[in-house]
Amino acid sequence: MDLQTFMKDRKKLVEDALFSYMNAVKAPEVLLESMNYSLKAGGKRLRPLLVFATLKSFGKSEELGMPVACAVEMIHTYSLVHDDLPSMDDDDFRRGKPTNHKVFGEAMAILAGDALLTHSFEVMEDLLNYDVKPIKVVTLMKELAKAAGPTGMVGGQVADMEGEGAQLSLQDLEYIHRNKTGKLLGYSIVAGAILGDATEEQISKLEQFADHLGLAFQIRDDILDIEGDAAKIGKPVGSDTLNEKVTYPSLLTMNGAKEKLEYHIKEAKGILEEIPLESDLLGQLCDLIAKRDH
């Protein structure tokens, strides 16, 4: 399947589903406005696409993964809302628009992020309507909590904050990004595999694949923070330098970072070749991550 067609069609499907879930929420109007403001800001919807691509690779209906795809996107969006706060990265723009706290104030932005996080688990319960066994739903919820929580994304964010202005090793940097970025990306792939009835061996291989893919994603992010086009990225370049963050280019040089990016993409593709899959969408997504300009 052509990747661009796949991305365009599935992106619309997941956005329609997100707004359908949100329309069913009965909550204070300003809270819903704040939640929807960031959910509707756009973005690549990469995590939902990884859920769908993995399901398709196992010959399963992509519709089966819609609750997971929406839940992951809600958690990703909440993390961005909180990351942008003055007490965190203090960003004024996200995806070309004023950040949530610039429009709704810090308190409402915090609450909107909290609401997106907690509502995501209510959305996951909808898997039961797709005849997913309750034990599998519980497993998917538990793995999502691990990926997003203290041993995953939040833990990585703490390490990232503590690393500002410090001398970090490559191992330290990889720990930050394996958790802050990689765990949620990896969950999207593993969740698709679990829903696709993958074997334990296949899931183990996909976890290794996801590890390389998550690091590659972050390396490309660091490169774009220096070489990227602010109009395409949706926020000013150079924010990592301003916040005194260690990045792959600052640690390895720009050429070293690009070589490391190539290495992780090559390793990820090599692992895919060891798993019998029914589509090459995951491989095409590797190339997309390596070459993306926003």
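Just so it is clear, the model here is predicted, and its values are computed rather than measured.
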For Met153 and Tyr187: C-alpha separation, side-chain torsions, deciding distance, then whether side chain to side chain contact (heavy atoms under 4.5 Å, CB included) applies. CA-CA 11 Å; Met153 184 178 69; Tyr187 172 81; over 6 Å; no
About how many Å separate [atom2] of [Y] and [atom1] of [X], when rounded to the nearest 0.5 Å?
X      : Y      : atom1 : atom2 : value
Thr247 : Asp222 : OG1   : CG    : 5.0 Å
Asn100 : Met108 : CG    : CE    : 9.5 Å
Leu3   : Leu282 : CG    : CG    : 10.0 Å
Leu195 : Leu64  : CG    : CG    : 4.5 Å
Leu285 : Phe6   : CG    : CZ    : 6.5 Å
Ser38  : Met74  : OG    : CE    : 12.5 Å

Looking at Lys8 and Asp2, is there a salt bridge between them, counting it only when a charged N and a carboxylate O are closer than 4.0 Å? no
Compute both the distance and the angle, then confirm whether Lys97 meets the cation-pi test with Tyr37: under 6.0 Å from the six-membered ring centre, within 45 degrees of the axis. yes
Is the closest side-chain heavy-atom distance between [X] and [Y] below 4.5 Å?
X      : Y      : result
Cys70  : Glu73  : no
Met66  : Leu13  : yes
Met124 : Val68  : yes
Lys56  : Glu62  : yes
Pro86  : His101 : yes
Met35  : Thr77  : no
Leu168 : Ile176 : yes
Leu46  : Leu50  : yes

Using modelled atom types only, decide if a donor and an acceptor are shared between the side chain of [X] and the backbone of [Y] within a distance under 3.5 Å.
X      : Y      : result
Lys136 : Ile194 : yes
Ser79  : His76  : yes
Lys60  : Gly192 : no
Asp160 : Gly156 : no
Arg220 : Arg292 : yes

Report the residues that fulfil ring-ring contact (aromatic ring centres under 6.0 Å, His included) with [X], sequence neighbours left out, ordered by chain and then residue number.
X      : value
Tyr175 : none
His119 : none
Tyr21  : none
Tyr248 : His177

Listing request: all ring pair (Phe, Tyr, Trp, His ring centres under 6.0 Å) pairs with a residue in residues 126-147, at least two apart in sequence or in separate chains. none
What are the two closest heavy atoms between [X] and [Y], and how far apart are they?
X      : Y      : value
His264 : Ala216 : CB-CB, 4.0 Å
Lys44  : Leu49  : O-CD1, 3.6 Å
Gly283 : Lys269 : O-CE, 3.8 Å
Pro48  : Ala69  : CG-O, 3.5 Å
Ile203 : Ala198 : CG1-CB, 3.8 Å
Gly113 : His82  : CA-NE2, 3.6 Å

Kindly check if the number of other-residue, nucleotide or ligand heavy atoms within 6.0 Å of [atom1] ([X]) is above 12?
X      : atom1 : answer
Lys266 : NZ    : no
Lys102 : NZ    : no
Asp131 : CG    : no

Determine, step by step, whether Asp211 and Arg178 satisfy the side chain to side chain contact (heavy atoms under 4.5 Å, CB included) criterion, reporting the C-alpha distance in whole Å, the side-chain angles of both residues, the deciding distance to 0.1 Å, and the verdict. CA-CA 7 Å; Asp211 183 62; Arg178 276 194 168 99; 2.6 Å; yes
Tell me whether [X] shares a hydrophobic cluster with [Y], the cluster being built from Ile, Leu, Val, Met, Phe, Trp, Tyr side chains joined at under 4.5 Å.
X      : Y      : value
Leu184 : Val81  : no
Leu144 : Leu128 : yes
Val138 : Val72  : no
Phe93  : Leu80  : no
Met254 : Leu173 : yes

Go through Thr54 and Phe58 one step at a time and tell me if the side chain to side chain contact (heavy atoms under 4.5 Å, CB included) criterion holds. CA-CA 7 Å; Thr54 307; Phe58 285 96; 4.0 Å; yes
May I have the list of side-chain donor-acceptor pairs in residues 256-263 shorter than 3.5 Å, sequence neighbours left out?
unit_1: Lys258; atom_1: NZ; unit_2: Glu227; atom_2: OE1; d: 3.4
unit_1: Lys258; atom_1: NZ; unit_2: Glu227; atom_2: OE2; d: 3.2

For [X], which residues count as a side chain to side chain contact (heavy atoms under 4.5 Å, CB included) partner, sequence neighbours excluded?
X      : result
Gln208 : Ser204, Lys205, Ile271
Ala290 : Ile265
Asp83  : Met88, Asp89, Arg94, Gln157, Lys180
Asp16  : Lys12

After noting the C-alpha distance and the side-chain angles of Leu185 and Arg47, does the key distance pass the side chain to side chain contact (heavy atoms under 4.5 Å, CB included) rule? CA-CA 6 Å; Leu185 281 172; Arg47 290 149 192 84; 3.8 Å; yes
Going by salt bridge (Lys or Arg N to Asp or Glu O under 4.0 Å), name the residues that satisfy it together with Glu63, two or more places apart in sequence or in a different chain. none
Summary of salt bridge (charged side-chain N to carboxylate O under 4.0 Å, His left out) pairs that have at least one residue in residues 105-121, sequence neighbours excluded: none
Quick one about Asp172 and Ser169 (side-chain donor to acceptor, distance below 3.5 Å, no hydrogens or angles considered), yes or no? yes
